[in-house]
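First up is the structure itself, then whatever we jot down about it.
The model shown is predicted, which means the values in this text are computed figures rather than measured ones.
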Amino acid sequence: KERYKTASESQKQEINREMKRNEDEFTAVQWNEKGMERYNRKDYQGAIEYFRKAIELDHKYASPWNNMGSAYGYLGNYNKEIECYRKAIELDPKYATPWSNMGYSYACLGDYHQTIECSRKAIELDPKFAYPWNNMGYAYGALGDYHKEIEYCQKAIELDQKFPSPWNNMGKAYDSLGNYNKAIECCRKAIELDSKFSNPWIIMGLAYAHSDNHNKAIECYRKAIELDPKDEVPWNYMGKAYDHLGNYNKAIECFQKAIELDPKYAGPWINMAFANLSLRNRDKAIECFRRALEIDPKNKKASEALEILLG
């Protein structure tokens, strides 16, 4: 790279030709490794291109299929992601990683029963693999079984003590069970393990909010936003915290920011409607409820509130 930076135009052309000659001699393993370099730089489309080159050279090589699946997942193409994992498994039936990854993909699609099934298969193949234990815990939590979520996340931690995600998930489970101090403790542990992990700040904020400490909750949501400015969720929760404190204008600002980040998110429209009602802005509240129902026509909370307002 340093050589390229200081080279003249003709020298750069020669370097490019040299790189092309080298690439022509790459093995499938080398293309897979180059794909992972792109992947680790968050260039997922570029990574997919290299994983495909690895597959072209070796049709029986499972690893680039698994890696390509992960890249598609980061691009939000979960169906394509699952397709890649299934191909990796077809090529190597004893490969636990694509089973674990596929479980996570199904969780992203909201199919938690499939997450559990895939995670169990990954664990069957590799009982000491922490990730599927964590994924299975998360799925049970999403299905409302918080005790099982804690049980499986504890197993993940036992297998990998530096893994922050199960601590975050346990924090969420304890918050749902009403044990807010334990939830905060788990979130702090997740943050200790990964200072750039935004989600435990959100969960901790919720635990403080559920303890009626809304100022502390706002501090947590601000930290989450600092770490991930494109996440709409902490803006919505921060709006609710300001609403609880009676600062309705500030709450509305937060809800508007959440909507700006995700226009298809019905929650902040509903919350903004109630904040407007508190400010006696009936017409604005009606407009917000209607916008929420455009996004989520089956939303009972919005439809019932709108029915009352319209008489």
Side-chain angles (χ1 to χ4, degrees), residues 1-111 114-115 118-119 121-122 125-126 129 131-132 134-135 163 165 194 196-199 227-232 261-262 264:
K1 289 180 181 177
E2 290 303 318
R3 180 182 160 208
Y4 198 87
K5 284 179 185 176
T6 58
S8 66
E9 201 57 44
S10 61
Q11 286 171 328
K12 283 180 181 178
Q13 288 175 6
E14 180 55 37
I15 291 167
N16 288 335
R17 283 193 291 270
E18 184 184 329
M19 288 171 65
K20 181 68 172 68
R21 284 194 297 272
N22 290 339
E23 286 182 355
D24 288 342
E25 296 173 5
F26 272 11
T27 64
V29 171
Q30 287 172 309
W31 279 116
N32 191 43
E33 288 171 351
K34 276 185 74 72
M36 285 309 299
E37 286 174 13
R38 287 279 183 99
Y39 179 93
N40 291 329
R41 294 202 302 268
K42 299 185 179 181
D43 176 7
Y44 302 116
Q45 201 61 56
I48 288 167
E49 182 184 322
Y50 286 160
F51 295 140
R52 288 197 181 281
K53 286 181 181 289
I55 291 162
E56 283 170 17
L57 288 172
D58 186 350
H59 298 296
K60 295 182 179 179
Y61 189 16
S63 180
W65 281 105
N66 175 68
N67 297 337
M68 187 160 62
S70 295
Y72 275 119
Y74 275 107
L75 292 172
N77 191 339
Y78 302 119
N79 291 316
K80 190 71 176 175
E81 179 182 18
I82 289 167
E83 185 184 313
C84 291
Y85 295 143
R86 291 201 180 278
K87 184 64 180 179
I89 291 162
E90 179 189 320
L91 292 167
D92 186 354
K94 293 183 179 180
Y95 192 6
T97 303
W99 278 109
S100 177
N101 289 344
M102 186 158 60
Y104 183 79
S105 306
Y106 277 118
C108 293
L109 291 169
D111 191 341
Q114 278 287 356
T115 298
C118 292
S119 300
K121 185 64 181 178
L125 291 166
D126 185 356
F129 189 12
Y131 281 72
N134 179 59
N135 291 344
F163 188 12
S165 185
D194 184 355
K196 294 181 179 180
F197 190 9
S198 64
N199 202 250
L227 290 167
D228 187 358
K230 294 182 179 180
D231 187 358
E232 71 283 356
L261 289 166
D262 184 359
K264 294 181 179 179

> Where do Asn134 and Ser165 land on the side-chain hydrogen bond (donor to acceptor under 3.5 Å, both in side chains) test, with the steps shown first?
Replying inline: CA-CA 7 Å; Asn134 179 59; Ser165 185; 3.1 Å; yes

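- Each of Arg86, Lys94, Lys87 was evaluated against Glu90; a single residue qualifies, Lys87, per the salt bridge (charged side-chain N to carboxylate O under 4.0 Å, His left out) test.
- Taken to the nearest 0.5 Å, the OH atom of Tyr39 stands 7.5 Å off from the CG atom of Asn67.
- Annotation: side chain of Ser63 is in contact with side chain of Tyr95 (closest heavy-atom distance under 4.5 Å).
- Between the side chain of Thr115 and the main chain of Ala107, a donor-acceptor pair closer than 3.5 Å is present.
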>> Go through it in stages, so that I can follow the logic: the residues are Thr97 and Tyr85, the test is side-chain hydrogen bond (donor to acceptor under 3.5 Å, both in side chains), and I'd like the CA-CA distance, side-chain angles, deciding distance and then a yes or no.
In response: CA-CA 9 Å; Thr97 303; Tyr85 295 143; over 6 Å; no

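- In this structure the side chain of Val29 reaches within 4.5 angstrom of the side chain of Glu33, judged on heavy atoms.
- Of all heavy-atom pairs spanning Ala122 and Ser100, the tightest one is CB-N, 3.7 Å.
- In this structure, Pro98 and Asn66 approach most closely via the heavy-atom pair CA-OD1, 3.4 Å.
- A side chain to side chain contact (heavy atoms under 4.5 Å, CB included) with Asn32 is found for one member of Phe26, Phe51, Tyr50 and no other, namely Phe51.
- Under the rule for a side-chain contact (heavy atoms from CB on, under 4.5 Å), the partners of Asp262 that lie at least two apart in sequence or sit in another chain are Glu232, Lys264, Tyr265.
- Here the CD atom belonging to Glu49 is positioned 10.0 Å from the NZ atom belonging to Lys34, to the nearest 0.5 angstrom.
- Every residue two or more places apart in sequence or in another chain that forms a salt bridge (charged side-chain N to carboxylate O under 4.0 Å, His left out) with Glu83 is listed here: Lys80.
- Distance check, rounded to the nearest 0.5 Å: CD1 of Ile48 to CZ of Arg38 gives 11.5 Å.
- Other residues, nucleotides and ligands contribute more than 12 heavy atoms inside 6.0 Å of the OH atom of Tyr72.
- Using cut-offs of 30° and 60° for the angle between ring planes, the Tyr44 and Tyr74 rings count as parallel.
- Nearest approach of Cys84 to Trp65, heavy atoms of both residues: CB-O, 3.3 Å.
- Using a 4.5 Å cut-off on side-chain heavy atoms (C-beta onward), Leu109 and Asn79 make contact.
- Summarising the local packing, OH of Tyr131 is surrounded by 12 or fewer heavy atoms from other residues, nucleotides or ligands at distances under 6.0 Å.
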>> Determine whether Ile89 and Lys121 satisfy the following criterion, side chain to side chain contact (heavy atoms under 4.5 Å, CB included), listing intermediate values before the conclusion.
In response: CA-CA 11 Å; Ile89 291 162; Lys121 185 64 181 178; over 6 Å; no

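- Under a 3.5 Å cut-off, the side chain of Asn40 and the backbone N or O of Met36 do form a donor-acceptor pair.
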